[in-house]
Amino acid sequence: MNNEKRNIESFIQDGMMEYSGYILLNRCIPDLRDSCKPVIRRILFTMLREKAFKFTKSASISGKVMAIHPHGSCYPAIVGMVQTDNQLTPWLIGKGNFAQHTSRDLQPSADRYSEVKLGDYATEVLKDLNSKSVKWIPNFDGTIMMPEVLPVKFPMILNYCQSGIGVGMASNIPSFNMIEIAEAIDKYINTGIKTNLIPDFATKGRIINNDNIINKINTEGIGSVSLLATYKIEDNTIIIDSIPYSTTREAIIDKVIELIKNGKIKDIISIKDLTGLNGMCIEIVCKKHTNMDSMIKYLFANTPLKSS
């Protein structure tokens with residue numbers, strides 16, 4: 001009886017470890033070598049095989065990817081790879097509605113209505129993909145050989161903003177400016193001096209610089225930065241033109257409306273999302289003679305206009 005019990009416990013433990021390893025390596029956590037989660041790498045490789053250098057239906061790409069990624073539609077990943085307010089350097093270029101990272105409610109169109117093609121950076125990376133540049137591995141049923149990693153020429157793991165949750169592990173990686181990374185590499189090669197990189201996000205915004213936190217992020221990979229929206233004041237109107245990466249326009253507007261309804265703010269007449277072809281814009285109109293400096297300080301303190 002005791003032997004049977006130990007065997008069952010061992011079986012469950014071994015099975016859970018195998019499952020956890022598969023999830024972490026094949027689904028959730030990006031690879032340090034090329035910054036890619038498996039789905040991203042498989043999308044890029046499939047688009048290369050399909051010669052998607054011109055706009056191709058997203059549904060067609062998604063279907064082709066399933067030959068090497070049998071986990072359902074990869075279209076949500078394609079959307080994230082296209083959004084220009086999601087990545088400093090998007091891998092893909094899209095045509096159609098791919099929604100916006102800064103919007104909670106705006107949804108992308110169905111994959112049959114949008115089109116996608118490889119971006120310049122992806123094309124540059126993939127042109128060196130061959131049997132000598134990287135190791136190749138079989139897909140899930142052994143019918144297609146695919147690259148284990150992509151031959152990136154640059155530590156893209158620092159430039160591509162992404163998060164992942166696995167079994168007992170998680171990663172949440174900010175993006176850093178590509179020019180600043182290149183300059184830091186050049187400086188280190190020539191002088192041996194390391195540069196502390198400061199995160200940079202596609203939503204723009206401002207970072208509250210804290211040397212201790214920035215140093216911890218660079219040396220230990222752990223830390224949290226505070227981001228502020230950027231704005232300008234025109235008479236009695238506040239125009240928000242960028243927001244923190246970790247929030248959305250709707251979350252900000254909902255919080256301001258909540259404060260108004262609860263009587264915490266009495267000087268705001270209206271708040272509107274005017275985001276359009278000219279870029280992101282939240283307009284906050286206040287009563288005449290409102291102390292605008294006090295108002296913006298209050299909004300930063302009590303809404304997601306300041307987020308971590």
Side-chain angles (χ1 to χ4, degrees), residues 28-37 80 83-90 101-102 121 152-166 168-233 238-249 251-252 255-256 279-280 282 291-308:
C28 304
I29 306 299
D31 194 304
L32 180 67
R33 294 171 291 178
D34 64 359
S35 85
C36 294
K37 294 181 182 180
Q83 290 175 336
T84 55
D85 63 347
N86 188 17
Q87 299 298 337
L88 291 168
T89 312
H101 174 79
T102 56
Y121 183 79
V152 296
K153 306 171 183 177
F154 183 84
M156 198 67 186
I157 191 75
L158 297 176
N159 186 247
Y160 201 81
C161 192
Q162 57 188 314
S163 61
I165 300 174
M169 293 184 69
S171 68
N172 198 4
I173 305 172
S175 51
F176 298 84
N177 185 280
M178 185 175 283
I179 294 175
E180 292 176 3
I181 297 170
E183 291 175 346
I185 292 170
D186 183 68
K187 182 178 180 180
Y188 181 68
I189 290 172
N190 290 303
T191 68
I193 298 173
K194 296 179 181 179
T195 303
N196 273 352
L197 296 170
I198 299 175
D200 188 10
F201 297 93
T203 53
K204 301 179 182 178
R206 293 183 294 130
I207 288 179
I208 298 177
N209 192 14
N210 182 310
D211 290 338
N212 292 330
I213 291 175
I214 296 299
N215 183 63
K216 188 174 183 180
I217 289 173
N218 279 264
T219 56
E220 300 178 30
I222 299 172
S224 178
V225 292
S226 293
L227 296 160
L228 300 175
T230 59
Y231 66 95
K232 56 185 176 182
I233 296 175
I238 301 170
I239 298 173
I240 309 294
D241 52 21
S242 74
I243 62 174
Y245 188 85
S246 50
T247 189
T248 62
R249 306 192 301 270
I252 293 168
K255 185 61 181 180
V256 172
M280 207 215 74
I282 299 174
N291 186 323
M292 301 302 285
D293 289 334
S294 296
M295 175 60 72
I296 197 69
K297 288 178 182 177
Y298 184 85
L299 291 174
F300 276 125
N302 295 278
T303 74
L305 287 174
K306 178 182 178 182
S307 300
S308 295

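- Across all their heavy atoms, I198 and E180 have their closest contact at O-OE1, 4.0 Å.
- Here I29 contributes atom CD1 and S163 contributes atom OG; the two are 9.0 Å apart, rounded to the nearest 0.5 Å.
- The two residues I181 and L158 make their nearest non-hydrogen contact at CD1-CB, 3.6 Å.
- The line from CG of N210 to OG of S226 is 8.5 Å long, rounded to the nearest 0.5 Å.
- The CZ atom of F201 sits 9.0 Å away from atom NE2 of H101, with the distance rounded to the nearest 0.5 Å.
- In summary, of the residues considered (D200, D85, N86), a side-chain hydrogen bond (donor to acceptor under 3.5 Å, both in side chains) with Y245 occurs for N86 alone.
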N/O donor to acceptor pairs below 3.5 angstrom from side-chain atoms of residues 298-307, sequence neighbours left out:
from, atom 1, to, atom 2, distance (Å)
N302, ND2, Y298, O, 2.9
T303, OG1, L299, O, 2.6
T303, OG1, L305, N, 3.2
S307, OG, P304, O, 2.8

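- Nearest approach of N159 to N177, heavy atoms of both residues: ND2-C, 4.3 Å.
- Between A202 and T84 the shortest heavy-atom distance is CB-O, 3.6 Å.
- For the atom pair M178 CE and T89 OG1, the distance stands at 3.5 Å (nearest 0.5 Å).
- Although no hydrogens or angles enter the test, the distance criterion places a donor-acceptor pair under 3.5 Å between the side chain of N218 and the main chain of I214.
- Formation of a donor-acceptor pair under 3.5 Å by the D34 side chain with backbone atoms of V152 is not found in this model.
- S175 contributes atom OG, which lies 9.5 Å from atom CE of M156 (distance to the nearest 0.5 angstrom).
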Residues Q87, Y121; criterion side-chain contact (heavy atoms from CB on, under 4.5 Å); working and verdict:
CA-CA 12 Å; Q87 299 298 337; Y121 183 79; over 6 Å; no
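- Within a 6.0 Å radius of CD1 in I165, no more than 12 heavy atoms belonging to other residues, nucleotides or ligands are found.
- Between the Q162 side chain and the I173 main chain, no donor and acceptor come within less than 3.5 Å of each other.
- One distance of note links CD1 of I296 with CD1 of I238; it measures 4.0 Å at 0.5 Å rounding.
- Applying the ring pair (Phe, Tyr, Trp, His ring centres under 6.0 Å) criterion to F176, with sequence neighbours excluded, gives no partner residue.
- Minimum interatomic distance between A184 and T195 (heavy atoms only, all atoms of both residues): CB-CB, 3.9 Å.
- When the options T102, I240, T247 are evaluated for a side-chain contact (heavy atoms from CB on, under 4.5 Å) with I252, the one that passes is T247.
- The 12-atom threshold is exceeded at NZ of K153, counting heavy atoms of other residues, nucleotides or ligands nearer than 6.0 Å.
- With 3.5 Å as the limit, one finds a donor-acceptor pair spanning the side chains of S242 and T230.
- Residues D211 and N215 bring no donor and acceptor atom of their side chains to less than 3.5 Å of each other.
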